[in-house]
Amino acid sequence: MKKLIAGNWKMNGDNASNASLLDAILNGLTGLDGCDILVCPPSLYVATVAQRLNGTPIAVGAQDVSIQEKGAFTGENSAGMLRDVGASYVLVGHSERRQYHHETDNLVGEKAQAALAKGVTPIVCIGETLAEREAGETNAVVKRQLAAAVHAVGHCVSEIVVAYEPVWAIGTGKTATPEQAQAVHAVIRAQLAAATPNATRIKILYGGSMNAANAAQLLAQPDIDGGLIGGAALKADDFLTIVRAAQN
Ligand code: 13P
């Protein structure tokens with residue numbers, strides 16, 4: 001299976017900086033076709049970024065999606081709209097949305113289902129907080145979050161991507177060790193295997209301070225099928241180094 005290297009730009013960038021970041025990444029991509037690559041800009045820029053990347057190997061995703069198809073839902077974007085402007089992936093349940101927008105496990109599952117219904121691949125983000133890890137609850141939390149998504153998408157489970165992002169590792173410079181990450185990824189894989197015979201084909205990404213220096217070791221783990229990268233995805237050289245580490 002090809003690995004997937006996904007950049008979550010979060011609420012960063014503008015037209016000028018997006019264009020120069022993409023130019024620099026595209027310039028450095030020659031010969032690097034051994035992994036899938038994705039960038040997720042803020043929703044306002046998804047269309048422009050998709051136009052720029054049309055015909056290139058880089059896919060475009062959004063960072064959130066509504067569970068509604070259309071109507072009086074001010075401020076929301078539907079999966080059909082994301083697809084219409086060129087997005088083929090969408091993050092659902094990022095910890096920042098769970099934390100700041102009080103998204104529940106069930107809502108995240110519904111978002112994953114809404115995306116799949118329009119042919120957009122959901123990247124279901126799960127992960128424990130520091131307090132939960134210290135209380136020994138990591139596996140239980142991750143399993144609970146994943147179970148809601150698996151339940152919501154039903155027989156389409158083999159079409160999702162999962163991202164394990166320990167909250168304590170996001171933006172903190174504290175990465176899970178390759179062993180810590182692999183241990184949780186193995187739990188996730190086992191849970192997926194209970195839901196579908198195709199679990200080995202489901203990509204499980206690691207996210208949380210993945211960078212140019214630690215990517216190779218993380219990506220070498222048997223159940224780590226790619227990365228969801230925040231800060232380091234905003235620097236072309238760092239992102240390219242991670243893409244290089246993910247070549248099959
Ligand atoms: P950082 O790579 O900045 O820690 O962010 C990870 C993340 O949240 C990606 O979705």
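The analysis underlying the following values was restricted to heavy atoms, covering all of them including side chains, and did not include hydrogens, waters or symmetry mates. When a ligand or atom number is given, it counts from 1 through the structure's own listing order. These figures come from a predicted structure and were not determined experimentally. Throughout, residue positions are numbered sequentially from 1 according to the sequence presented.
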Would G171 count as a contact of ligand 1 if the rule is a heavy atom under 4.0 Å away?
yes
How long is the span from the CZ atom in R97 to the CG atom in L107, to the nearest 0.5 Å?
9.0 Å
Do other residues, nucleotides or ligands put more than 12 heavy atoms under 6.0 Å from Q217 CD?
no
In terms of heavy-atom contacts, does NZ of K143 have more than 12 from other residues, nucleotides or ligands at under 6.0 Å?
no
Closer than 4.0 angstrom: is that true for some heavy atom of A169 and an atom of ligand 1?
yes
Which part of N8 is near ligand 1, with near meaning a heavy atom under 4.0 Å away: side chain, backbone, both or neither?
side chain
So that I can tick it off, tell me whether R189 and D223 are bridged by a salt bridge, with the cut-off set at under 4.0 angstrom between side-chain N and carboxylate O.
yes
Which atoms of ligand 1 are found less than 4.0 Å from any heavy atom of S209?
1 (P), 2 (O), 4 (O)
One finds that the ligand 1 atoms under 4.0 Å from a non-hydrogen atom of G231 are 1 (P), 2 (O), 3 (O)
Would G230 count as being in polar contact with ligand 1, using the rule that some N or O on each side must be under 3.5 angstrom apart?
yes
Numbered in order shown, the ligand 1 atoms found under 4.0 Å of a heavy atom of K10 are 5 (O), 6 (C), 7 (C), 8 (O)
Checking the side chain of K2 only, and the main-chain atoms of D33 only, is there a donor and an acceptor separated by less than 3.5 Å?
yes
Any nitrogen or oxygen of G207, main chain or side chain, under 3.5 Å from a nitrogen or oxygen of ligand 1?
no
Without swapping roles, check the side chain of Y89 against the backbone of A6 for a donor-acceptor pair under 3.5 Å.
no
Does any N or O in the side chain of T196 come within less than 3.5 Å of the main-chain N or O of L192, such that one atom is a donor and the other an acceptor?
no
Numbered in order shown, the ligand 1 atoms found under 4.0 Å of a heavy atom of G208 are 4 (O), 6 (C)
Taking distance alone, with no angle check, do E165 and ligand 1 share an N/O pair under 3.5 Å?
yes
